[in-house]
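Data first, discussion second: the structure below is written as structure tokens.
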Amino acid sequence: MSAHAPSRRRGLELLEQLHGGHAGAAMVAEMQHVCPAFADMTIDWALGSVMDRPGLDLLTRELILVASCVTMGHAMPQLRAHTEAALNVGASKEQLVETVLQLVFYAGGPAVRNALVVLDEVLQAHRGTASEGL
């Protein structure tokens, strides 16, 4: 896809807004040698087209992605990235915890417990980053 296509531009904007160059940059770097097209598809399609659709705000979309990662039970790097992104667009600790707890009967106790551990790590890091800026 052209670097000038609207979905590419919007995808790059959302990558920065949601992941602040951190998780998004890591994903791009990880794919650089094995399959750079996957990073391009993620930016152009997943971010620039799907995440930018009308109907849901970014916070709702990120909470859905957090829930999806919990339900899969094996997407901890993605859970971490989407938890960070949810915080970046205004999620509260309570919203994130309730999103994860909602899944106890659907994803199971072990998946919820593991997700809460990741959530705690991300929240602690986020508080540390936030307090550094004060």
Side-chain angles (χ1 to χ4, degrees):
M1 181 164 285
S2 167
H4 301 294
S7 61
R8 178 62 169 202
R9 284 193 305 276
R10 184 62 180 140
L12 290 169
E13 290 169 3
L14 284 171
L15 185 68
E16 180 62 29
Q17 179 183 359
L18 297 170
H19 302 290
H22 176 256
M27 183 273 302
V28 171
E30 288 171 344
M31 293 296 110
Q32 190 61 42
H33 296 290
V34 65
C35 184
F38 182 78
D40 290 337
M41 289 184 276
T42 300
I43 293 166
D44 298 344
W45 182 68
L47 290 167
S49 294
V50 176
M51 287 293 282
D52 198 39
R53 289 181 49 77
L56 294 174
D57 58 58
L58 286 175
L59 176 55
T60 302
R61 289 181 188 279
E62 285 300 337
L63 292 175
I64 290 167
L65 291 169
V66 165
S68 181
C69 291
V70 173
T71 303
M72 285 192 294
H74 57 79
M76 293 302 118
Q78 293 79 8
L79 174 60
R80 182 177 303 280
H82 288 294
T83 299
E84 290 171 353
L87 289 166
N88 287 342
V89 294
S92 67
K93 174 185 176 182
E94 181 181 26
Q95 287 173 309
L96 287 161
V97 167
E98 290 302 321
T99 297
V100 172
L101 283 178
Q102 181 67 32
L103 301 167
V104 73
F105 295 110
Y106 298 92
V112 167
R113 182 250 178 232
N114 293 342
L116 289 170
V117 169
V118 170
L119 192 73
D120 185 50
E121 292 169 358
V122 173
L123 287 165
Q124 286 185 39
H126 185 74
R127 278 193 295 272
T129 302
S131 64
E132 290 172 7
L134 297 177

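Quick note: numbers below take in every heavy atom, side chains included, and nothing from hydrogens, waters or symmetry partners. A quick note: this is a predicted structure, and the numbers were derived from the prediction, not measured.
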Kindly state each residue pair satisfying side-chain hydrogen bond (donor to acceptor under 3.5 Å, both in side chains) with at least one member in [range], sequence neighbours excluded.
{"range": "residues 97-111", "answer": "none"}
{"range": "residues 32-43", "answer": "Arg8-Asp40"}
{"range": "residues 49-61", "answer": "Arg10-Asp52, Asp57-Thr60"}
{"range": "residues 67-80", "answer": "Arg80-Glu121"}

Any residue meeting salt bridge (Lys or Arg N to Asp or Glu O under 4.0 Å) with Glu30, in chain and number order, not counting sequence neighbours: none

First locate atom [atom1] of [X], then atom [atom2] of [Y], and finally report the distance between them rounded to the nearest 0.5 Å.
{"X": "Leu18", "Y": "Glu84", "atom1": "CG", "atom2": "CD", "answer": "11.5 Å"}
{"X": "Leu47", "Y": "Glu13", "atom1": "CG", "atom2": "CD", "answer": "11.0 Å"}
{"X": "Thr83", "Y": "Leu65", "atom1": "OG1", "atom2": "CG", "answer": "10.0 Å"}

Looking at every non-hydrogen atom in both residues, tell me the closest pair between [X] and [Y] and how far apart they are.
{"X": "Gln17", "Y": "Asn88", "answer": "O-CB, 3.8 Å"}
{"X": "Ala85", "Y": "His19", "answer": "CB-CE1, 3.7 Å"}
{"X": "Ala91", "Y": "Leu59", "answer": "CB-CD1, 3.4 Å"}
{"X": "Leu58", "Y": "Met51", "answer": "CD2-O, 3.8 Å"}
{"X": "Val100", "Y": "Val112", "answer": "O-CG2, 3.7 Å"}

Using the test side-chain contact (heavy atoms from CB on, under 4.5 Å), find all partners of Met31 that sit at least two apart in sequence or belong to another chain. Met27, Val34, Phe38, Ala39

Could you tell me whether the side chain of Asp44 and the main chain of Ser7 form a donor-acceptor pair under 3.5 Å? no

Flag, side chain of Asp120 to backbone of Leu116, donor-acceptor distance under 3.5 Å: no

Side-chain heavy atoms nearer than 4.5 Å, only ILVMFWY residues, links allowed to pass through others: does that put [X] and [Y] together?
{"X": "Met72", "Y": "Ile64", "answer": "no"}
{"X": "Met76", "Y": "Val117", "answer": "no"}
{"X": "Leu56", "Y": "Leu96", "answer": "no"}

Leu79 vs Leu119, test: side-chain contact (heavy atoms from CB on, under 4.5 Å). Steps then yes/no. CA-CA 8 Å; Leu79 174 60; Leu119 192 73; 6.0 Å; no

